[in-house]
Amino acid sequence: MAAIVLDNGAYTAKVGYASEKEPKKIPNCLMKAKSERRKQFIGNQIDECKDLSGLFYVLPMQKGYLINWDVQRQVWDNIFGKDVLNAKCSEHSIIIGEPYFNFSSIQEAMNEIFFEEYQFNSLCRMNVGTLSAHKAKDDNKTHLCCLVIDSGYSFTHITPYYNCEKIEKGIKRINVGGKILTNHLKEIISYRQLHVMDETYVINQVKEDVCFVSNQFYKDMNITQLKGKDNTIVKDYVLPDFSQIKRGYVKEESSGKAKQNEQIVRMNNERFSVPEILFHPSDIGIQEMGIPEAVILAINATPKEMHPHLYRNIVLTGGNSLFPGYRQRVFDEVRSLAPQEYEVNVVLPQNAITYPWEGGGVISKYEEFQDKYCVTKKQYEESGQNICLETFDV
Amino acid sequence: MATPSPKPSRQRRSGKRPGSPGSASLSGKRKRNTITPCSSTPDLESLDSVSRSSSPAVSDNQKVFPFKDATFVHSGNATSGKKRIWRNAKQIISAERSLPWHPNDPTYSSIDAPPSFKPAKKYSDLSGLAARYTDPHTKIRYANTDEFSRIRMLPMDIVSGYLALRKANTPVP
């Protein structure tokens, strides 16, 4: 019996057999393209679509929590069906990642759907951060504690772990994630240069291609005010037109002038002022702490003996960790806020997006995996929701 | 037991005539009291017997429980084809909030990071540069005189759009 690991993210679901090296990344949504109005693209069917302009998303998650089950079921049907895994669900066990403090009604529905509709042999539900903590422990067995900063699509969670057990009092959430960053970039480009309010997909690519986290914010801000060659930050981004240019790219020379068949957006201070929201949500009116301040708050909520261990092992996961300069910035700011006697160490894994998924692979290899972490279909049929409630610590 | 039994019944009958609600509720209470133990005791007994008998039953799966319907189909099955109605996010969150939590329990609503101690940065709304000035008239921030002259040309809806970008368009009394 093989284990399937599913990290059901709000934007991409990472799924694959635990024995595999890398998961498949499936967009966890339905998409409708302007070019093909009738058709609806489920999950990775979007690869067949040639014209991605004006792509419209229908997401199963709201605020990071599974709300729209009809959409989610279609995506899961696609994932477990012949398009992706082609798995016979009744022969497998599944490990699924879910957000912290998932609502009990969602948890119950999840048990029900996995056991009764997909008929999985056994189920293991776990927080995404816990999966990361298991992976972190597997990577480096000397560390007992770790602090996971999971910055995803809907929000950023900061969670202290002791021996892969989360310390609930220390969990902090910042309601800033990739979605807000993309939307904000979309809005400021629309107000300043070009109307792109319908082009979420394209602007998300712009964000991934040119945005970075500044480590010297005010200096960089001054550079963006300069003109000509002195301005080393400004970049011209050529938007795709989906006939000649399939994907947007950064122009080598940033003259600010477009050729006849190109459409460009000029990315100046937007490049770093957008990811800056992760560190200062109050800049756009979200009255919350940034990541470094929340890290200190989260660690201070744990017993004092753990503090040095947590500072020593901060793990970054989630898509926002891919911004260049992110790790350095988190390190610098936490270092300046943390007590001087503690050593601070921030780890950015090679593949921050799939890190929790890899943690699922680690867990499935434990000897006590089936007994300690799983509920089998038989147990569920005998004891119902109660046994799930007892086994899964979510 | 036999002698006092007619007494209350007569009493009740006499009390019934004026139709006082007190006597009615009392009789109702008595009725409930007598019914509940009667119905619950056999239930418990049967449960006990089930749990006692089920432990050996695990070893031989052939044992058929008389109370289990062999043709039973769970209503939640995919085959039932019923469309479920799912609650939306707002309903779920408010339902969670109304649960009897201890004030110190960490919950969905309580793990929000508190406001920052650092002051918010001020960007020019038009160009994104560091803004040193605010237009007292429209409350738009700007970095230099060029921008200021542009602000004065902007129509009202664009101004409120700019302010909405940083959630600053609160109607000021």
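Residue numbers start from 1 in every chain, and the chains themselves are labelled A, B, ... in the order their sequence lines are given, proteins ahead of strands.
Looking at A:N269, only its side chain comes within 4.5 Å of chain B, counting heavy atoms on both sides. Proximity to chain B (any heavy atom under 4.5 Å) is restricted, for A:L297, to the side chain, taken from C-beta onward. Heavy atoms of B:S127 lying under 4.5 Å from chain A belong exclusively to its backbone. Looking at A:E276, only its side chain comes within 4.5 Å of chain B, counting heavy atoms on both sides. Heavy-atom distances place the backbone of B:D125, and not its side chain, under 4.5 Å from chain A. For A:E382, the part sitting under 4.5 Å from any heavy atom of chain B is the side chain, from C-beta outward, and nothing else. For a residue to count as touching a neighbouring chain, one of its non-hydrogen atoms must lie under 4.5 Å from one of that chain's; by this rule A:F217 touches chain B with the side chain only. Neither the backbone nor the side chain of A:L66 comes within less than 4.5 Å of any heavy atom of chain B. Proximity to chain B (any heavy atom under 4.5 Å) is restricted, for A:Y218, to the side chain, taken from C-beta onward. For B:L165, the parts sitting under 4.5 Å from any heavy atom of chain A are the backbone and the side chain alike. Only the side chain of A:E293 has a heavy atom closer than 4.5 Å to any heavy atom of chain B. Residue A:R266 does not touch chain B at all, counting heavy-atom pairs closer than 4.5 Å. With a 4.5 Å cut-off on non-hydrogen atoms, A:Q62 touches chain B through its side chain but not through its backbone. Looking at A:Y65, only its side chain comes within 4.5 Å of chain B, counting heavy atoms on both sides. Contact of B:A168 with chain A is not made at all, since no heavy-atom distance falls under 4.5 Å.
Checked options B:R141, B:R152, B:R150; the residue passing with B:D135 is B:R152 (criterion: salt bridge (charged side-chain N to carboxylate O under 4.0 Å, His left out)).
Per-residue counts of heavy-atom pairs under 4.5 Å with chain B were compared for A:E168, A:M221, A:K63, A:R192; the largest is that of A:R192. For the set B:E96, B:K118, B:K121, the entry with the most heavy-atom pairs within less than 4.5 Å of chain A is B:K121. The candidate from A:Q287, A:H280, A:E288 with the greatest count of non-hydrogen atom pairs under 4.5 Å with chain B is A:E288. Among B:D112, B:I92, B:D105, the residue with the largest count of heavy-atom pairs under 4.5 Å with chain A is B:D112.
For B:Q91, the side chain to side chain contact (heavy atoms under 4.5 Å, CB included) partners two or more places apart in sequence, or in a different chain, are B:R87, B:N88.
Geometric assessment of A:R173 against the ring of B:Y108 yields a positive cation-pi assignment under the 6.0 Å and 45° thresholds.
Proximity of a side-chain donor or acceptor of A:N102 to a complementary backbone N or O of A:Q107 within less than 3.5 Å is not detected. Although no hydrogens or angles enter the test, the distance criterion places a donor-acceptor pair under 3.5 Å between the side chain of A:R271 and the main chain of A:I233. Not a single donor-acceptor pair under 3.5 Å links the side chain of B:T134 to the backbone N or O of B:P136. A:N215 contributes a side-chain N or O that, together with a main-chain N or O of A:R329, makes up a donor-acceptor pair within less than 3.5 Å.
In this structure, the ring of A:W76 has its center less than 6.0 angstrom from the ring center of A:F114.
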Checking side chain to side chain contact (heavy atoms under 4.5 Å, CB included) for the pair B:Y162/B:T138: CA distance, chi angles, key distance, verdict? CA-CA 10 Å; B:Y162 271 123; B:T138 56; over 6 Å; no
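A donor atom on one side chain and an acceptor atom on the other are not found under 3.5 Å apart for B:Y133 and B:E147. Judged purely by distance below 3.5 Å, without hydrogens or angles, the side chains of A:T159 and A:Y100 pair a donor atom with an acceptor atom. When only modelled atom types and interatomic distance are considered, B:Y123 and A:D283 share a side-chain donor-acceptor pair under 3.5 Å.
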